[in-house]
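In what follows, a structure is listed as structure tokens, so that the remarks can point back to it.
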Protein chains: 2
Amino acid sequence: MARRGSYAKGIAKREEILTAALDVIARNGYRRTSVRELADAVGLSQAGLLHYFSSKEELFQEIVRKRDEVDTAVYGPDLADRAIDSLTALVAHNTQVPGLVQLYAQVSTEAAGDPDHPSHAFFVERYANIREEFARFIRTEQAAGRIGEDIDPEATAALIVAATDGLQTQWMLDPSFDMVAHLEQLWKLITRSSSSGAQPVD
Amino acid sequence: MARRGSYAKGIAKREEILTAALDVIARNGYRRTSVRELADAVGLSQAGLLHYFSSKEELFQEIVRKRDEVDTAVYGPDLADRAIDSLTALVAHNTQVPGLVQLYAQVSTEAAGDPDHPSHAFFVERYANIREEFARFIRTEQAAGRIGEDIDPEATAALIVAATDGLQTQWMLDPSFDMVAHLEQLWKLITRSSSSGAQPVD
DNA sequence: GTCTATATTGGGATAGAC
DNA sequence: GTCTATCCCAATATAGAC
């Protein structure tokens with residue numbers, strides 16, 4: 001609980017700003033979005049908004065984090081036993097919010113490519129977490145005999161994440177490109193691996 | 001052949017600029033590279049350099065195109081019967097030039113995400129070409145019995161391209177991440193597909 | 001073809017009043 | 001906490017001399 005009312009209110013305002021920002025960016029895209037525009041969307045001045053975030057880069061990192069939070073709330077539950085379904089559902093949802101895909105692609109690329117970028121460490125951790133979640137899921141599937149033992153959980157997790165990222169580029173270039181189908185194709189390759197004789201009993 | 005000496009010289013100068021730019025970016029990365037810095041590298045003023053390119057964005061698109069040209073000269077020959085080997089060799093080479101990977105990731109992401117970006121069409125075509133080359137290669141491998149008939153050439157080509165792009169993000173976040181190994185793992189999944197009973201005779 | 005110098009803009013950061 | 005005002009900087013883009 002917050003120590004003071006005003007503190008709690010500050011937190012709430014931050015959340016309000018982030019939620020509104022996601023909305024604006026989902027519609028307008030990221031490339032042409034300035035702090036000023038996001039400020040307008042919540043009825044604040046640019047300076048007023050920057051009262052809550054120390055810089056533009058911090059603001060955008062928090063927007064990305066907020067998006068993760070929202071997506072996790074929707075697609076996260078039962079991740080352990082449905083990771084691939086959650087991911088395809090999320091990817092399907094992403095086709096409805098091109099601006100957010102663009103935001104993510106841009107911010108993650110900038111931060112990844114520059115070790116000094118303030119969000120670099122954030123993304124390092126984010127990717128490690130996602131890979132770990134998927135690796136765990138794959139191990140579970142292996143234990144259940146639905147994936148061959150010759151599949152390396154960590155490496156395959158990294159591959160799924162990479163494909164998901166890369167498919168977005170091709171989708172942005174051509175919105176008729178079917179990210180979900182391609183992701184499912186990869187999953188089929190994984191579940192069909194050579195030593196996977198065992199079929200789900202069901 | 002050029003119509004006039006001065007015209008040919010202009011072309012040569014452009015090439016010189018692009019080659020020098022690749023060199024600078026390979027070392028310094030893309031994020032903090034301005035037109036002025038690239039101009040310095042060839043002993044021109046900023047205005048002098050922009051005599052050869054109409055804008056900054058055009059300049060950077062040409063730098064990316066030049067890189068493709070250089071890479072194609074080295075890794076392109078015999079692409080038809082060794083596409084996957086060429087790709088892994090190229091990816092291995094890329095680990096030596098982080099700045100260029102960063103440049104590519106950034107420029108392609110910006111251009112992909114914005115239909116109005118001057119390089120958007122360039123990348124649409126570039127991806128179509130690469131996918132087509134890989135799809136053709138996969139068909140050849142299928143004809144030779146090295147890949148199962150249940151593999152969809154176009155979709156699999158898109159997947160390989162996506163993985164290649166996405167692996168770069170993870171490598172940028174952690175240079176010890178092995179892009180080549182992960183790409184080879186994907187290729188193994190593809191060649192091991194279920195109905196691929198035929199093994200290379202060799 | 002190349003330079004110097006300047007225009008222009010876009011936008012982030014900051015100071016200080018309320 | 002929020003606003004207004006302003007600062008300031010980075011760059012690109014352009015004009016015009018040589």
Side-chain angles (χ1 to χ4, degrees), chain A residues 2-21 24-25 28-64 102-103 106-107 110-111 114 116-119, chain B residues 2-21 24-25 28-64 102-103 106-107 110-111 114 116-119:
Chain A
R3 295 192 327 215
R4 285 214 301 286
S6 61
Y7 178 69
K9 194 185 162 204
I11 296 286
K13 190 80 182 179
R14 264 177 79 107
E15 294 304 303
E16 185 196 334
I17 291 169
L18 296 176
T19 302
V24 171
I25 296 170
N28 303 350
Y30 164 73
R31 192 167 142 83
R32 293 181 176 83
T33 302
S34 63
V35 173
R36 227 166 219 114
E37 277 173 77
L38 299 181
D40 288 348
V42 273
L44 279 180
S45 68
Q46 181 243 19
L49 192 154
L50 283 186
H51 174 71
Y52 294 94
F53 303 90
S54 52
S55 71
K56 181 205 176 170
E57 309 231 308
E58 193 214 322
L59 167 61
F60 277 97
Q61 172 180 314
E62 290 307 307
I63 294 172
V64 169
Q102 196 187 330
L103 163 76
Q106 194 90 23
V107 173
E110 268 162 29
D114 179 5
D116 298 332
H117 190 288
S119 300
Chain B
R3 293 191 332 214
R4 285 215 299 288
S6 61
Y7 179 68
K9 195 186 161 202
I11 296 287
K13 190 80 184 180
R14 263 176 81 105
E15 294 304 302
E16 185 195 333
I17 290 169
L18 296 176
T19 302
V24 171
I25 296 170
N28 304 350
Y30 164 73
R31 186 163 198 252
R32 292 180 176 85
T33 301
S34 63
V35 172
R36 208 161 235 119
E37 277 173 78
L38 299 180
D40 288 347
V42 274
L44 279 179
S45 68
Q46 181 244 21
L49 192 155
L50 282 186
H51 174 71
Y52 294 94
F53 302 89
S54 52
S55 72
K56 181 206 175 166
E57 309 231 295
E58 193 215 323
L59 168 60
F60 276 98
Q61 173 180 314
E62 290 306 307
I63 293 172
V64 169
Q102 198 188 327
L103 163 76
Q106 194 87 26
V107 174
E110 269 162 29
D114 178 5
D116 298 332
H117 190 288
S119 300

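Small disclaimer: the values here were computed from a predicted structure and weren't measured. Below, chain A is the first sequence line, B the second, and so on; all start at residue 1.
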Problem - Under 3.5 Å donor-acceptor, B/Glu58 side chain and B/Ser54 backbone - result: yes
Problem - Ion pair B/Asp114/A/Arg32, N-O distance below 4.0 Å - result: yes
Which pair of heavy atoms, one from [X] and one from [Y], lies closest together, and at what distance?
| X | Y | value |
| --- | --- | --- |
| B/Leu49 | B/Leu38 | CD1-C, 3.8 Å |
| A/Gln102 | A/Arg31 | NE2-N, 3.4 Å |
| A/Ala41 | A/Val24 | CB-CG2, 3.4 Å |

To the nearest Å, how far apart are [X] [atom1] and [N] [atom2]?
| X | N | atom1 | atom2 | answer |
| --- | --- | --- | --- | --- |
| A/Ile17 | D/dG1 | CD1 | P | 11 Å |
| B/Phe53 | D/dT14 | CZ | P | 16 Å |
| B/Leu44 | C/dT2 | CG | P | 6 Å |
| B/Tyr52 | D/dT12 | OH | C1' | 19 Å |
| B/Asp40 | C/dC3 | CG | P | 10 Å |
| B/His51 | D/dT12 | NE2 | P | 18 Å |

Exercise for the section: At under 4.0 Å between heavy atoms, which parts of nucleotides 7-18 of chain C does protein reach? Answer with one letter per nucleotide, 5' to 3': B base, S sugar-phosphate only, - none. Expected result: -----BBB----
Exercise for the section: Give a yes or no on whether the ring-centroid distance for A/Phe53 and A/Phe60 is below 6.0 angstrom. Expected result: no
